**Student:** 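One structure, as structure tokens, below. Some questions next.
Fair warning: this is a prediction, and the values are worked out from it, not measured in the lab.
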Amino acid sequence: MENKKPVTLIKIGGNIIDNPTELSQFLSDFSKIEGNKVLVHGGGKSATKMAESIGLAPQMIDGRRITDAAMLDVVVMIYAGQINKNIVAQLQAKNTNAMGFSGADGNLIQSDKRNHPTINYGFVGDVKKVNTQLLETLLSNGIVPVFCAITHDGKGQLLNTNADTIASELAIALSEVFDVTLNYCFEKPGVLFDAEDDSSVIENISQELYSKLKAEKSIHSGMIPKLDNCFNSLSKGVQKIKIGHHRMLQDKTALYTTITL
């Protein structure tokens, strides 16, 4: 069997995006990664700030944003516009030939509008399919795709979509063609035994350990959706998943968490 080429897929969260110095350092680390790579970014606090500045009150249920029509306009403007293009421009300055995408561009990521029995999330999408062929073409031509957290439904409607999920679904789709390592970069050095102690990194989490930690409630609730995504990705062909500070991308001594089945 032919060896698959490696792809490094990285998702960054709001704490990196909201801090210009941190973002610049991350993009320097990212630009030094050799070979095929893909970046997925969330939205940070900018959308909330913009919404509040024009008199919209952001609505959240269980930590998930409710996206009505007015809020959708704001998140598209901030995620697909300001943040995405700023990242692409900074990568170009670091000799990385990046192109910014929403899911609608090239029909790269199509979603269904979320249908929840009791909560109306508004214009929120759950990923249905990824255009792997186009992604493969972009990567084989040396393009570095940069995805924001906006997808579409194929009927002309844009949808706000969880960036962790986008990263996971892209990794699963790409694993059919490439050997994919998925990295979740955030402000902590990994998944921690103690949320207050940055040195308490859990270096390897298996499915078995994860079930045990969840049962003992010794894992931060905000980390559970991310880890659920990770195990789903691994079960569907993604080779390797790492969670930690972006130092792990270039610093061989950095601690981080590896997720394995």
**Student:** Regarding T181 and K242, do their side chains bring together a donor and an acceptor under 3.5 Å, going by distance alone?
**Tutor:** no

**Student:** Is it the case that the side chains of Q90 and N86 hold a donor-acceptor pair, with the cut-off being a distance below 3.5 Å and no angle test?
**Tutor:** yes

**Student:** Using only atom types and a distance under 3.5 Å, with no angle test, would you say the side chain of N183 pairs donor to acceptor with the backbone of C185?
**Tutor:** no

**Student:** With rounding to the nearest 0.5 angstrom, report the CG to CZ distance, N120 to R114.
**Tutor:** 11.0 Å

**Student:** Would you check if the side chain of Q250 reaches a backbone N or O of D29 as a donor-acceptor pair within less than 3.5 Å?
**Tutor:** yes

**Student:** Does the side chain of T260 pick up a donor-acceptor pair with the side chain of N204 at under 3.5 Å?
**Tutor:** yes

**Student:** Are E22 and H245 linked by a side-chain donor-acceptor pair shorter than 3.5 Å?
**Tutor:** yes

**Student:** Quick check on the hydrophobic clustering: are V88 and M77 connected, directly or via other members, by side-chain heavy-atom contacts under 4.5 Å?
**Tutor:** yes

**Student:** Report whether L159 and I166 are members of the same hydrophobic cluster (ILVMFWY, side-chain heavy atoms less than 4.5 Å apart, transitive linking).
**Tutor:** no

**Student:** Would you call K212 and E216 a salt bridge, taking side-chain N to carboxylate O under 4.0 Å as the test?
**Tutor:** yes

**Student:** In the single-linkage hydrophobic clustering (I, L, V, M, F, W, Y; side-chain heavy atoms under 4.5 Å), do M50 and L158 co-cluster?
**Tutor:** yes

**Student:** Regarding K113 and D153, does a basic nitrogen lie under 4.0 Å from an acidic carboxylate oxygen?
**Tutor:** no

**Student:** Do the non-hydrogen side-chain atoms of I16 and F186 ever get within less than 4.5 Å of each other?
**Tutor:** no

**Student:** Tell me whether the centres of the aromatic rings in H116 and Y121 are closer together than 6.0 Å.
**Tutor:** yes

**Student:** Which of these passes side chain to side chain contact (heavy atoms under 4.5 Å, CB included) with Q110: N107, D112, L108?
**Tutor:** N107

**Student:** Which heavy atom of Y79 sits nearest a heavy atom of C148, and at what distance?
**Tutor:** O-CB, 3.5 Å

**Student:** May I ask you to decide if L139's main-chain N or O and K37's side chain share a donor-acceptor pair within less than 3.5 Å?
**Tutor:** no

**Student:** Indicate whether any N or O donor in one side chain lies under 3.5 Å from an N or O acceptor in the other, for S200 and D194.
**Tutor:** no

**Student:** Under 3.5 Å, side chain of D105 to main-chain N/O of S102, donor-acceptor pair present?
**Tutor:** yes

**Student:** Does any non-hydrogen side-chain atom of L9 lie less than 4.5 Å from one of V40?
**Tutor:** yes

**Student:** Determine whether a donor-acceptor pair (N or O, by modelled atom type, separation under 3.5 Å) exists between the side chain of N131 and the backbone of G106.
**Tutor:** yes

**Student:** Taking E169 for its side chain and V130 for its backbone only, find out whether a donor-acceptor pair lies under 3.5 Å.
**Tutor:** no

**Student:** Near Q133 CD, under 6.0 Å, is it more than 12 heavy atoms from other residues, nucleotides or ligands?
**Tutor:** no

**Student:** Is any side-chain heavy atom of I205 closer than 4.5 Å to a side-chain heavy atom of V191?
**Tutor:** yes

**Student:** I'd like to know if the side chain of S211 reaches the main chain of Q207, judged simply by a donor and an acceptor atom lying under 3.5 Å from each other, with no hydrogens or angles considered.
**Tutor:** yes

**Student:** Answer yes or no: is there a side-chain heavy-atom contact under 4.5 Å between I109 and F147?
**Tutor:** yes

**Student:** For the residue pair S175 and K4, what are the closest heavy atoms and their distance?
**Tutor:** O-NZ, 2.7 Å

**Student:** Over all heavy atoms of both residues, which pair between I78 and S46 is shortest? Give the atoms and the distance, please.
**Tutor:** CG2-CB, 3.6 Å

**Student:** Quick one: does any side-chain atom of D18 pair with a main-chain N or O of K45 as donor and acceptor, under 3.5 Å?
**Tutor:** yes

**Student:** Around atom CZ of R247, are there more than 12 heavy atoms from other residues, nucleotides or ligands closer than 6.0 Å?
**Tutor:** no

**Student:** Do V74 and I54 have side-chain heavy atoms sitting under 4.5 Å apart?
**Tutor:** yes

**Student:** Could you check whether D228 pairs with K214 (Lys NZ or Arg NE/NH1/NH2 to Asp/Glu carboxylate O, under 4.0 Å)?
**Tutor:** yes

**Student:** Search all heavy atoms of S140 against all heavy atoms of T137 and return the closest pair with its distance.
**Tutor:** OG-O, 2.9 Å

**Student:** Taking the side chain as everything from C-beta on, heavy atoms only, tell me whether N36 gets closer than 4.5 Å to T8.
**Tutor:** no

**Student:** Could you check whether K5 makes a cation-pi contact with F178, meaning its NZ or CZ is under 6.0 Å from the centre of the six-membered ring and within 45° of the ring axis?
**Tutor:** no

**Student:** When you compare the side chain of L213 with that of I202, does any pair of heavy atoms fall below 4.5 Å?
**Tutor:** yes

**Student:** Given the rule in the side-chain contact (heavy atoms from CB on, under 4.5 Å) test, do D68 and F123 qualify, once you have shown the distances and angles that lead to the verdict?
**Tutor:** CA-CA 6 Å; D68 61 14; F123 295 100; 5.6 Å; no

**Student:** Flag the pair D164 and K11 as a salt bridge only when some basic side-chain nitrogen lies within less than 4.0 angstrom of an acidic carboxylate oxygen.
**Tutor:** yes

**Student:** Establish whether L134 and I150 are linked, either directly or via other cluster members, by ILVMFWY side-chain heavy-atom contacts under 4.5 Å.
**Tutor:** no

**Student:** After noting the C-alpha distance and the side-chain angles of I10 and V38, does the key distance pass the side-chain contact (heavy atoms from CB on, under 4.5 Å) rule?
**Tutor:** CA-CA 6 Å; I10 299 181; V38 179; over 6 Å; no

**Student:** Do T165 side-chain atoms and A163 backbone N/O form a donor-acceptor pair below 3.5 Å?
**Tutor:** no

**Student:** For I241 and S233, work out which heavy atoms get closest and say how close.
**Tutor:** CD1-CB, 3.9 Å

**Student:** Evaluate the side-chain proximity of S24 to L27: yes if any heavy-atom separation is below 4.5 Å, no if none is.
**Tutor:** no

**Student:** If I compare all heavy atoms of L23 with all of I12, which pair ends up nearest, and what's the gap?
**Tutor:** CD1-CD1, 4.0 Å

**Student:** For the hydrophobic clusters of this structure (ILVMFWY residues joined by side-chain heavy atoms under 4.5 Å, transitively), does one cluster hold both V180 and I172?
**Tutor:** yes

**Student:** Can you say whether the rings of F231 and Y210 are parallel (under 30°), tilted (30 to 60°) or perpendicular (over 60°)?
**Tutor:** parallel

